[in-house]
Amino acid sequence: MNKLPARTGLEWLKQGFALFRVQPGILMMLIVANFLFAILLSALPILGPILSFVFIPSFTIAIQQTCHLIDNGQRVLPGVLLTGFRKDAIGPLCKMGLVYLAILVLLILLVSPWIDVESVRNAMKMVEAKKEPTLDSGTQFAALAFMAMFGISMLLLSFAPGLIYWKKMPTFKAIFYSVFAVFGSVRPLLAMLFSALGFYWIISMVIGLIFGRSQIVFVIIAWLNLVFALVFQCAIFAAYKQILGAPESASEKPN
């Protein structure tokens, strides 16, 4: 896979957008349903936020399976929402979610020495007062470092849910192969990531120039975030298919 040129990442992004364009409605329904379910879970005391994080791989594979069905020209039914909650998948995918949670906690501990709690509180008060929030330089550095490290971690693990669901791999074997596959295709994957971020930044700037600071901007940006998250997930599926092989048709059958 090291022989794949960087421009392959642009092809994956293009394929991801093409998949999204075929059935944008069902994909938007999926991600909105996932967000609503996560919000409902988060409302539960103590255990809720943990469960919403643990179920992320189950939510992710529902979108990936939808991409697979669209790619094969098959009909997508609402039952695809339950893809990651089937009997043979829920256990390994939840273990994957626990790995995500462990990474989150570890990274928070790593950056915590640079976080000024008082600065964060003041920023939250400014947000509530509808003012532009400001953070001290140390907290800004910690936030940027956290986002960069978390993003890299998620990219390294991006193929793991598919390997668990389609290849029936145990959780930690899937993690190993995902990391190995990402390192083996790092140039096109980085090209795909930075191209997506570049397109997002340009579109956000254009929206800001057209609408200024009006309330509608927040609504448009919120939808833009959902669309880009979906297109990127579809692009990850395109990358998975080329690097690790197309999922077998047997995996499409409900249990």
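Since we're looking at a predicted model, the values are computed, not measured.
- The side-chain contact (heavy atoms from CB on, under 4.5 Å) test with I103 is passed by exactly one of L101, L106, V99: V99.
- Side-chain contact annotation: Q64 with W166, donor-acceptor N/O pair under 3.5 Å absent.
- Shown here for G84 and S58, the closest heavy-atom pair between the two residues is O-OG, 3.0 Å.
- With hydrogens and angles ignored, the 3.5 Å screen pairs a side-chain donor or acceptor of S158 with a backbone N or O of L155.
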Quiz item: Given L69 and R75, is the side-chain contact (heavy atoms from CB on, under 4.5 Å) satisfied, shown in steps?
Solution: CA-CA 7 Å; L69 295 173; R75 188 181 177 190; over 6 Å; no
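- More than 12 non-hydrogen atoms from other residues, nucleotides or ligands lie less than 6.0 angstrom from CZ of F85.
- Between F199 and V231 the shortest side-chain heavy-atom distance does not fall below 4.5 Å.
- When side chains are defined from C-beta on, F237 does not count as touching T66, because their heavy atoms never get closer than 4.5 Å.
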Self-check item: From CA spacing to verdict: side-chain contact (heavy atoms from CB on, under 4.5 Å), L4, Q242
Solution: CA-CA 10 Å; L4 287 175; Q242 182 167 354; 3.4 Å; yes
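- Using a 30° and 60° split on the angle between ring planes, F59 and F37 fall in the perpendicular class, above 60°.
- Here the side chains of L104 and F146 are in contact, with some heavy-atom distance below 4.5 Å.
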Practice problem: Check step by step if side-chain contact (heavy atoms from CB on, under 4.5 Å) holds for F141 and V111. | Solution: CA-CA 9 Å; F141 168 78; V111 302; over 6 Å; no
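- No more than 12 heavy atoms of other residues, nucleotides or ligands lie within 6.0 Å of CD1 in I216, so this atom counts as exposed by the packing criterion.
- A cation-pi contact, defined as under 6.0 Å to the ring centre and within 45° of the axis, links K168 to Y165.
- Proximity of L93 to F55: side-chain heavy atoms (C-beta onward) are nowhere separated by under 4.5 Å.
- Between F20 and F17, the angle of the ring planes lies from 30° to 60°, which puts this pair in the tilted group.
- Residues M154 and I56 are members of one and the same hydrophobic cluster, defined by side-chain heavy-atom contacts under 4.5 angstrom among Ile, Leu, Val, Met, Phe, Trp and Tyr.
- Listed for the T171 side chain is no donor-acceptor partner under 3.5 Å among the backbone atoms of K95.
- No side-chain heavy atom of V76 sits less than 4.5 Å from a side-chain heavy atom of Q65.
- The two atoms that bring A174 and M169 nearest to each other are CA-SD, 3.9 Å, heavy atoms only.
- Between the side chain of S195 and the backbone N or O of L10 there is no donor-acceptor pair closer than 3.5 Å.
- Atom CG of L144 and atom OG1 of T139 lie 11.0 Å apart (nearest 0.5 Å).
- Residues I90 and I63 do not share a hydrophobic cluster, defined by chaining ILVMFWY side chains whose heavy atoms lie under 4.5 Å apart.
- Separating the CD atom in Q23 from the SG atom in C234 is a distance of 10.5 Å, to the nearest 0.5 Å.
- L98 places none of its side-chain heavy atoms less than 4.5 Å from the side chain of F53.
- Annotation for I46: atom CD1 does not count as buried by contact number, only 12 or fewer foreign heavy atoms lying within 6.0 Å.
- To the nearest 0.5 Å, atoms OH (Y177) and CG (L163) are separated by 9.5 Å.
- Expressed to the nearest 0.5 Å, how far CG of D71 lies from CD of Q15 amounts to 8.0 Å.
- Note on I236: it does not cluster hydrophobically with F180, by side-chain heavy-atom contacts below 4.5 Å among ILVMFWY residues.
- Put simply, the side chain of N72 never gets that close to the backbone of Q74: no donor and acceptor are under 3.5 Å apart.
- Smallest separation of non-hydrogen atoms from S185 and I243: OG-CD1, 3.3 Å.
- Between L189 and A239, the shortest heavy-atom distance links the atoms CD2-CB, 4.2 Å.
- Between G162 and Y240, the shortest heavy-atom contact is O-OH, 3.6 Å.
- A distance of 11.5 Å separates CG of L30 from OG1 of T60, quoted to the nearest 0.5 Å.
- For the atom pair CD1 of I31 and CD1 of I26, the computed distance is 13.0 Å after rounding to the nearest 0.5 Å.
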Quiz prompt | CA sep, side-chain torsions, deciding dist, call: T8, M192, side-chain contact (heavy atoms from CB on, under 4.5 Å) | solution = CA-CA 8 Å; T8 307; M192 182 178 78; over 6 Å; no
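- Nearest heavy-atom pair, C67 versus L19, reported as atom, atom and distance to 0.1 Å: O-CD2, 3.9 Å.
- A 4.5 Å side-chain heavy-atom check between S204 and L224 finds at least one atom pair inside the cut-off.
- Hydrophobic cluster membership differs between I39 and L81, with clusters built from Ile, Leu, Val, Met, Phe, Trp and Tyr side chains linked at under 4.5 angstrom.
- Hydrophobic clustering, with ILVMFWY side chains joined whenever heavy atoms are under 4.5 angstrom apart, groups F172 together with F159.
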